[in-house]
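Everything numeric here is computed off the predicted structure, so don't read it as measured data.
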Amino acid sequence: PDIIVAYLHGLSQVGPFAAIGRFPLLMLATFQAILLPYWPVISAAAPHQGPAWIGDLARRTLFLTLGIWALGAAAFWLFGPRLIVAWMGRRDFVDTSLIAMACLQALGLGLFTWLSVFLGALSRQRHLARAAAIAVSLFIPLAVLLGQLLGPVGVGLAQALALFLGAIPLAGW
């Protein structure tokens with residue numbers, strides 16, 4: 001995404017985009033830290049517990065994922081501008097539309113991580129790889145198109161759309 005922003009809008013736009021864009025990566029690390037320990041549990045228990053147990057665990061961890069995202073997004077919306085100024089030392093890096101886009105990206109990355117834990121634990125890595133490939137295939141043209149129309153926010157929005165329209169539905173199916 002940073003390269004596309006630089007290509008379409010110049011290097012001066014990469015700083016704000018990249019600074020705010022670190023929020024989804026921090027949320028992704030949080031999702032992974034909480035959800036990845038489930039992988040071996042699901043893998044070991046699934047053959048013995050059956051589909052009902054997997055479905056129940058999927059629902060509970062989905063609500064956990066959505067709760068983490070909601071708390072993180074609310075905190076970033078409220079405190080993000082101050083954190084960005086403290087981190088970057090510049091007020092001009094604060095952009096509420098980029099902050100909103102970062103919150104949406106974080107949800108997409110969190111849901112895809114949630115699905116990847118289940119698909120990996122159930123030995124469905126090939127399905128996960130196809131979903132990720134489709135997301136990348138959607139992202140690049142969407143990023144160029146939406147980046148031209150909406151600026152750096154469009155590039156971030158393209159990532160969220162690629163996840164929500166491609167990777168998440170396909171992986172969930």
Side-chain angles (χ1 to χ4, degrees), residues 1-2 4-5 17-46 49 51-80 83 96-143 145-147 150 152-173:
D2 296 352
I4 294 172
V5 168
F17 180 83
I20 292 171
R22 294 308 158 243
F23 168 72
L25 298 178
L26 292 172
M27 287 298 294
L28 180 61
T30 303
F31 288 127
Q32 289 175 338
I34 292 172
L35 293 174
L36 284 178
Y38 281 98
W39 183 311
V41 172
I42 297 166
S43 185
Q49 297 294 331
W53 178 83
I54 293 170
D56 184 52
L57 184 61
R59 277 186 294 284
R60 284 186 281 142
T61 55
L62 174 62
F63 290 129
L64 177 66
T65 299
L66 292 173
I68 293 167
W69 172 79
L71 289 173
F76 191 58
W77 186 257
L78 292 172
F79 304 111
L83 291 172
T96 55
S97 59
L98 283 174
I99 290 172
M101 173 273 308
C103 291
L104 186 62
Q105 278 181 309
L107 175 60
L109 290 169
L111 289 174
F112 191 70
T113 298
W114 170 75
L115 283 167
S116 70
V117 167
F118 278 90
L119 291 173
L122 299 173
S123 298
R124 303 287 191 254
Q125 288 88 345
R126 187 176 300 151
H127 193 67
L128 180 62
R130 273 189 235 126
I134 286 175
V136 170
S137 298
L138 287 172
F139 168 70
I140 294 171
L142 276 174
L145 176 67
L146 293 176
L150 303 172
V153 170
V155 176
L157 182 60
Q159 183 181 21
L161 287 174
L163 288 165
F164 285 117
L165 298 176
I168 293 169
L170 181 59
W173 174 77

Shortest non-hydrogen contact from Phe17 to Gly156?
CE1-N, 3.8 Å

Shortest non-hydrogen contact from Ala33 toward Pro37:
O-CD, 3.4 Å

Does any non-hydrogen side-chain atom of Gln159 lie less than 4.5 Å from one of Val155?
no

Partners meeting side-chain contact (heavy atoms from CB on, under 4.5 Å) with Ala45 (sequence neighbours left out):
Gln49, Trp53

What is the minimum heavy-atom distance between Gly166 and Leu138, and which atoms define it?
CA-CD1, 3.7 Å

Looking at CG of Leu36 and OG1 of Thr113, how far apart are the two atoms once the value is rounded to the nearest 0.5 Å?
7.5 Å

Here the gap from Leu111 atom CG to Leu115 atom CG, rounded to the nearest 0.5 Å, amounts to 7.0 Å

Closest non-hydrogen contact found for Thr61 with Ala58 is OG1-O, 3.2 Å

Mind checking the CG-CD1 spacing from Leu57 to Ile54? Nearest 0.5 Å is all I need.
8.5 Å

How long is the span from the CG atom in Leu163 to the CG atom in Leu107, to the nearest 0.5 Å?
9.5 Å

Separation between CG of Leu109 and CG of Leu25, rounded to the nearest 0.5 Å
7.0 Å

If you compare all heavy atoms of Ala167 against all heavy atoms of Phe112, which two are closest, and at what distance to 0.1 Å?
CB-CE1, 3.5 Å

Rounding to 0.5 Å, atoms CD1 (Ile20) and CG (Leu83) come to a distance of 11.5 Å

Minimum heavy-atom separation for Pro24 to Gly21, with atom names?
CD-O, 3.0 Å

Between Leu64 and Trp114, is there a side-chain heavy-atom distance shorter than 4.5 Å?
no

Residue pairs meeting ring pair (Phe, Tyr, Trp, His ring centres under 6.0 Å), one or both in residues 56-78, sequence neighbours left out, come to Phe23-Phe76

